[in-house]
There are 2 protein chains.
Amino acid sequence: MPEKLTPMIQSFILHFGEMGSRWGINRTVGQMYALLVLSKEPLCADDITEALGISRSNVSMGLKELISWELVKLQHRPGERKEFYSAPGDVWDIAKTLIEQRRKREIDPTLSTLRNLLIETPANDEEAYAQQRMREMHELIEMLTLWTQEIQRLDSAQLGKLLKLGNSIGKVLDMKDRLLGSSKKESTK
Amino acid sequence: MPEKLTPMIQSFILHFGEMGSRWGINRTVGQMYALLVLSKEPLCADDITEALGISRSNVSMGLKELISWELVKLQHRPGERKEFYSAPGDVWDIAKTLIEQRRKREIDPTLSTLRNLLIETPANDEEAYAQQRMREMHELIEMLTLWTQEIQRLDSAQLGKLLKLGNSIGKVLDMKDRLLGSSKKESTK
DNA sequence: CTGAATTTTCAGTATATTCTGAAATTACAG
DNA sequence: CTGTAATTTCAGAATATACTGAAAATTCAG
């Protein structure tokens with residue numbers, strides 16, 4: 001469908017369309033975002049319409065969704081009515097936004113549901129067991145959320161350093177282990 | 001639709017059905033899994049059919065999917081033709097399987113696509129820029145994958161200790177910072 | 001203000017996904 | 001083996017999601 005996109009850029013867009021559809025976002029919106037991420041200059045709705053070969057109205061709705069995810073920024077040019085859209089220039093910023101939004105939309109409501117079910121008094125053994133599983137689940141999700149929140153506080157530069165250092169994560173966890181006085185004696189591979 | 005499920009268990013099942021549908025898994029399969037997770041004893045297909053009020057064939061297909069995700073284990077009882085299904089008893093095992101499977105199904109293919117596009121020689125400035133974004137993206141995904149893989153190596157008990165210690169993750173990251181000689185001077189809140 | 005350029009909305013259509021019942025297949029107790 | 005209890009398959013129906021074009025609403029240059 002796309003018109004003047006190079007094969008390389010097309011492949012990328014198609015792949016992330018498919019990926020998007022595996023997450024909440026739908027295929028077309030995923031493609032729109034992929035296009036925006038790859039383009040240096042902000043694009044207007046018509047640019048997207050043409051590049052992806054989809055209807056103008058579909059683009060309008062897609063952009064609305066991307067904006068609600070805070071993944072896309074709207075810009076105006078002086079003396080121009082037209083609106084231009086762009087994705088953050090920093091990939092880590094994008095990832096942080098994605099994580100944050102999914103937390104708000106999925107994790108938080110889940111934790112809230114679990115808490116509500118946990119304050120009820122179990123009516124029988126079956127419910128007592130069920131509540132135990134829910135409790136474990138709540139604990140786990142809360143902890144993983146904490147971790148990701150800590151990681152999200154790193155800025156792109158810090159993350160870059162971490163990356164360059166290779167997989168020293170093992171070392172950090174070992175350190176953590178020592179801090180915790182872990183019983184299991186297993187080195188990092 | 002469900003018959004003899006208590007309201008508490010119903011709520012849980014409904015919520016995780018919705019959640020499942022936001023991920024690759026569909027609503028009904030999500031409900032089936034929620035039911036299995038909450039039940040102490042393994043269930044047979046007919047139990048699920050009855051509890052959720054869906055067709056027997058739907059249950060059969062759903063179970064097939066859950067098995068392909070390795071989220072559910074099949075068991076036989078001596079002298080019984082019937083098959084019984086159960087979810088792991090440990091929530092962390094479940095989470096690890098989910099993470100692992102999503103990595104295989106989504107992350108790995110994405111990294112592979114990115115690598116293929118990165119070995120091409122950019123035909124023009126536009127492609128050169130696009131490749132740069134792809135490179136950053138590849139780096140980031142690879143690093144985050146490494147982190148999660150390290151975390152996945154922890155067993156349930158280690159994770160439990162981590163949890164009980166509260167959010168000491170900040171401290172570890174600070175430690176890491178010092179190790180890296182971070183420039184930014186910001187304490188853990 | 002005005003009106004042309006632009007964006008948004010939405011009802012209807014197209015597409016994709018999920019679900020079902022009936023038929024085919026499989027597995028195993030006897 | 002055989003018969004039956006169980007599971008699986010699959011074509012078609014039901015449902016849900018995505019997409020479009022036309023019409024309405026909005027915005028701002030002049």
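All values derive from a computational prediction rather than experimental measurement. Sequence lines set the chain letters: A, B, ... in the order given, protein chains first and strands last, and positions in each chain run from 1.
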Give the B/S/- string for nucleotides 17-22 of chain D, one per nucleotide from 5' to 3', where a protein heavy atom under 4.0 Å of the base yields B, of only the sugar-phosphate yields S, and otherwise -.
-SSBB-

Return a single string for nucleotides 25-30 of chain C, one symbol per nucleotide in 5' to 3' order, where B is base contact, S is sugar-phosphate-only contact and - is none, cutoff 4.0 angstrom on heavy atoms.
-BBS--

Closer than 4.0 Å, any side-chain N/O of A:Lys64 to the OP1 or OP2 of C:dT9?
yes

Between [N] atom [atom2] and [X] atom [atom1], what is the distance in whole Å?
X: A:Ile48; N: C:dT6; atom1: CD1; atom2: C1'; answer: 14 Å
X: B:Glu65; N: C:dT17; atom1: CD; atom2: P; answer: 13 Å
X: B:Leu74; N: D:dT7; atom1: CG; atom2: C1'; answer: 11 Å
X: B:Gln75; N: D:dA6; atom1: CD; atom2: P; answer: 18 Å
X: A:Arg22; N: C:dA16; atom1: CZ; atom2: P; answer: 16 Å

Linked, directly or transitively: A:Ile141 and B:Phe12 (ILVMFWY side chains, under 4.5 Å)
yes

For A:Thr6 and B:Glu127, run side-chain hydrogen bond (donor to acceptor under 3.5 Å, both in side chains): C-alpha distance rounded to whole Å, both residues' side-chain angles, the deciding distance at 0.1 Å, then the answer.
CA-CA 8 Å; A:Thr6 71; B:Glu127 284 202 353; 2.6 Å; yes

Cation-pi check, A:Arg102 to B:Trp23: give yes when NZ or CZ is under 6.0 Å from the six-membered ring centre and within 45° of the ring axis, no otherwise.
yes

Test: A:Arg105 cationic atom under 6.0 Å from A:Trp69 six-membered ring centre, within 45° of axis:
yes

Evaluate the criterion side chain to side chain contact (heavy atoms under 4.5 Å, CB included) for residue pair B:Leu38 and A:Tyr129; output intermediate values, then yes/no.
CA-CA 7 Å; B:Leu38 292 196; A:Tyr129 178 81; 5.9 Å; no

B:Gln101 side chain near B:Glu70 side chain, heavy-atom distance below 4.5 Å
yes

After noting the C-alpha distance and the side-chain angles of B:Ser156 and B:Asp90, does the key distance pass the side-chain hydrogen bond (donor to acceptor under 3.5 Å, both in side chains) rule?
CA-CA 8 Å; B:Ser156 199; B:Asp90 184 325; 2.9 Å; yes

Shortest non-hydrogen pair, A:Gly89 vs B:Arg133, comes out as O-NH2, 2.8 Å

